[in-house]
Amino acid sequence: MNVQAQIKEYITSQPEPKRSDMQELHRIIQEFMPESKLWFLDGKDDEGKTVSNPNIGYGLQTIKYADGKTREFYQIGLSANTTGISVYIMGLDDKKYLKKTYGKKIGKASVTGYCIKFKSLKDIKIDVLEAAMRYGVEHEQ
């Protein structure tokens with residue numbers, strides 16, 4: 001199954017209203033990142049053991065580890081969780097930037113170093129979330 005089909009299957013497997021919210025976020029991200037690489041990570045490790053929630057990734061960056069190794073990974077991630085939706089903004093140097101800049105403006109969301117978690121789109125200001133995602137794409141490490 002190709003990545004597009006995996007993403008569609010993952011989103012449609014979500015209960016409403018999470019499904020509609022994820023479809024809308026997928027549309028928004030693809031609108032401002034139309035040529036970006038799409039990823040689908042099923043949340044399983046090499047042995048097939050579940051280690052995280054499945055997630056959709058957008059964009060491409062190279063992560064540099066302390067030991068000098070590198071790895072390609074996505075810039076923006078989207079995942080369903082038990083209480084709602086998580087948006088991951090990867091590769092930011094300043095781990096306090098998201099919370100400091102968008103935490104009070106975004107609405108009812110938990111904002112950490114690289115994750116914005118919320119119950120549904122109606123609880124947040126979508127334009128603020130989009131601004132945070134755009135910042136992440138433009139200011140990766």
Side-chain angles (χ1 to χ4, degrees), residues 1-67 69-141:
M1 189 180 324
N2 71 26
V3 173
Q4 287 277 18
Q6 289 176 303
I7 290 169
K8 184 175 183 179
E9 184 178 280
Y10 174 59
I11 291 174
T12 57
S13 74
Q14 301 304 314
E16 285 295 353
K18 195 182 297 186
R19 177 186 319 137
S20 295
D21 285 353
M22 288 186 73
Q23 285 171 333
E24 178 64 5
L25 285 168
H26 182 64
R27 184 195 65 74
I28 289 168
I29 296 167
Q30 288 203 293
E31 196 172 273
F32 75 83
M33 296 177 74
E35 303 298 317
S36 69
K37 177 177 178 171
L38 282 175
W39 304 64
F40 182 75
L41 305 176
D42 64 7
K44 297 183 186 329
D45 66 11
D46 294 336
E47 285 97 49
K49 183 178 168 191
T50 300
V51 293
S52 70
N53 289 327
N55 53 85
I56 303 165
Y58 308 86
L60 178 65
Q61 65 177 323
T62 302
I63 297 174
K64 296 170 192 79
Y65 294 100
D67 65 3
K69 292 181 182 172
T70 61
R71 173 178 159 208
E72 289 187 340
F73 205 61
Y74 56 72
Q75 295 169 292
I76 304 293
L78 176 61
S79 180
N81 59 56
T82 53
T83 59
I85 298 170
S86 295
V87 173
Y88 303 97
I89 302 172
M90 309 303 289
L92 296 176
D93 279 329
D94 183 353
K95 300 300 175 210
K96 295 178 182 173
Y97 183 82
L98 285 180
K99 187 173 185 110
K100 184 173 54 182
T101 307
Y102 303 105
K104 290 189 173 129
K105 299 179 198 170
I106 198 161
K108 290 169 64 176
S110 161
V111 183
T112 63
Y114 66 94
C115 180
I116 299 173
K117 189 159 81 172
F118 49 92
K119 185 171 178 159
S120 71
L121 285 179
K122 67 179 176 42
D123 295 329
I124 64 163
K125 294 181 179 169
I126 298 172
D127 60 326
V128 175
L129 176 63
E130 186 175 345
M133 292 187 292
R134 285 179 183 273
Y135 177 86
V137 170
E138 294 164 5
H139 295 89
E140 67 180 77
Q141 290 179 357

- Message: For Tyr88 and Tyr74, I'd like to know if the aromatic rings sit close, meaning centre-to-centre distance below 6.0 Å.
- Response: no
- Just do the side chain to side chain contact (heavy atoms under 4.5 Å, CB included) check on Leu60 and Gln75 with the steps written out, would you? CA-CA 6 Å; Leu60 178 65; Gln75 295 169 292; 5.5 Å; no
- Item | Within-4.5 Å side-chain heavy-atom neighbours: Lys100 and Asp94 | yes
- Message: So does Gly59 get a backbone contact from the side chain of Trp39, meaning a donor-acceptor N/O pair under 3.5 Å?
- Response: yes
- Query: Could you walk me through whether Tyr114 and Lys95 pass the side chain to side chain contact (heavy atoms under 4.5 Å, CB included) check?
  - Reply: CA-CA 7 Å; Tyr114 66 94; Lys95 300 300 175 210; 5.6 Å; no
What side-chain donor-acceptor pairs closer than 3.5 Å can you find for residues 41-54, not counting sequence neighbours?
from	atom 1	to	atom 2	distance (Å)
Asp42	OD1	Lys44	N	2.9
Lys44	NZ	Thr50	OG1	3.3
Asp45	OD1	Glu47	N	3.0
Asp45	OD1	Gly48	N	3.1
Asp45	OD1	Lys49	N	2.9
Asn53	ND2	Ala80	O	3.3

- Side-chain donor/acceptor of Arg71 to backbone N/O of Ile63, under 3.5 Å: no
- Message: To the closest 0.5 Å, what do you measure between CE (Met22) and OG1 (Thr12)?
- Response: 10.5 Å
- Mark yes or no for whether Asp21, through its side chain, and Leu121, through its backbone, hold a donor-acceptor pair below 3.5 Å. yes
- Message: Can you confirm whether Val87 sits close enough to Phe118 that some side-chain heavy atom of one is under 4.5 Å from a side-chain heavy atom of the other?
- Response: yes
- State the CE-CD1 distance between Met33 and Ile28, to the nearest 0.5 angstrom. 13.5 Å
- Query: How many angstroms lie between NZ in Lys8 and CG in Asn2, if you round to the nearest 0.5 Å?
  - Reply: 11.0 Å
- Taking all heavy atoms of Val111 and all of Gly103, pick out the closest pair and write down the distance. CG2-CA, 4.0 Å
- Task: To the nearest 0.5 angstrom, please state how far the CD1 atom of Ile85 sits from the CD atom of Gln14.
- Result: 8.5 Å
- Item | Donor-acceptor contact present, side-chain Lys18 to main-chain Asn81, <3.5 Å | yes
- Message: Just so I know, are the side chains of Leu129 and Leu25 near enough to count as touching, which here means a heavy-atom distance under 4.5 Å?
- Response: yes
- Rounded to the nearest 0.5 Å, the CD1 atom of Ile126 sits from the CD atom of Glu24 at a distance of 6.0 Å
- Query: Which heavy atom in Ile89 sits nearest to a heavy atom in Gly136, and how many Å separate them?
  - Reply: CG2-CA, 3.4 Å
- Are Glu138 and Arg134 close enough for a salt bridge, meaning some N to O gap below 4.0 Å? no
- Query: What pairs of residues pass the ring-ring contact (aromatic ring centres under 6.0 Å, His included) test when at least one of them lies in residues 2-27, not counting sequence neighbours?
  - Reply: Tyr10-Phe40, His26-Tyr58
- Query: Closest approach of Ala109 and Ile116, non-hydrogen atoms and distance?
  - Reply: CB-CG2, 4.1 Å
- Message: Using every non-hydrogen atom in the two residues, find where Ile124 and Lys108 come nearest and quote the distance to one decimal.
- Response: CG2-O, 3.7 Å
- State, yes or no, whether a side-chain contact exists between Gln30 and Leu38 at a heavy-atom distance under 4.5 Å. yes
- Query: How far apart are the C-alpha atoms of Tyr135 and Thr101, what are their side-chain angles, what is the distance that settles it, and do they pass the side chain to side chain contact (heavy atoms under 4.5 Å, CB included) test?
  - Reply: CA-CA 11 Å; Tyr135 177 86; Thr101 307; over 6 Å; no
- Taking atom types as modelled, find out whether Ser13 and Glu9 have a side-chain donor-acceptor pair closer than 3.5 angstrom. no
- Lys99 vs Thr112, side chain to side chain contact (heavy atoms under 4.5 Å, CB included): CA-CA, chis, key distance, verdict: CA-CA 6 Å; Lys99 187 173 185 110; Thr112 63; over 6 Å; no
- Drop me the distance from Thr70's OG1 to Gln61's CD, to the nearest 0.5 angstrom. 12.0 Å
- Message: Show the nearest heavy-atom pair for residues Gly113 and Leu92, with the distance to one decimal.
- Response: O-CD1, 4.4 Å
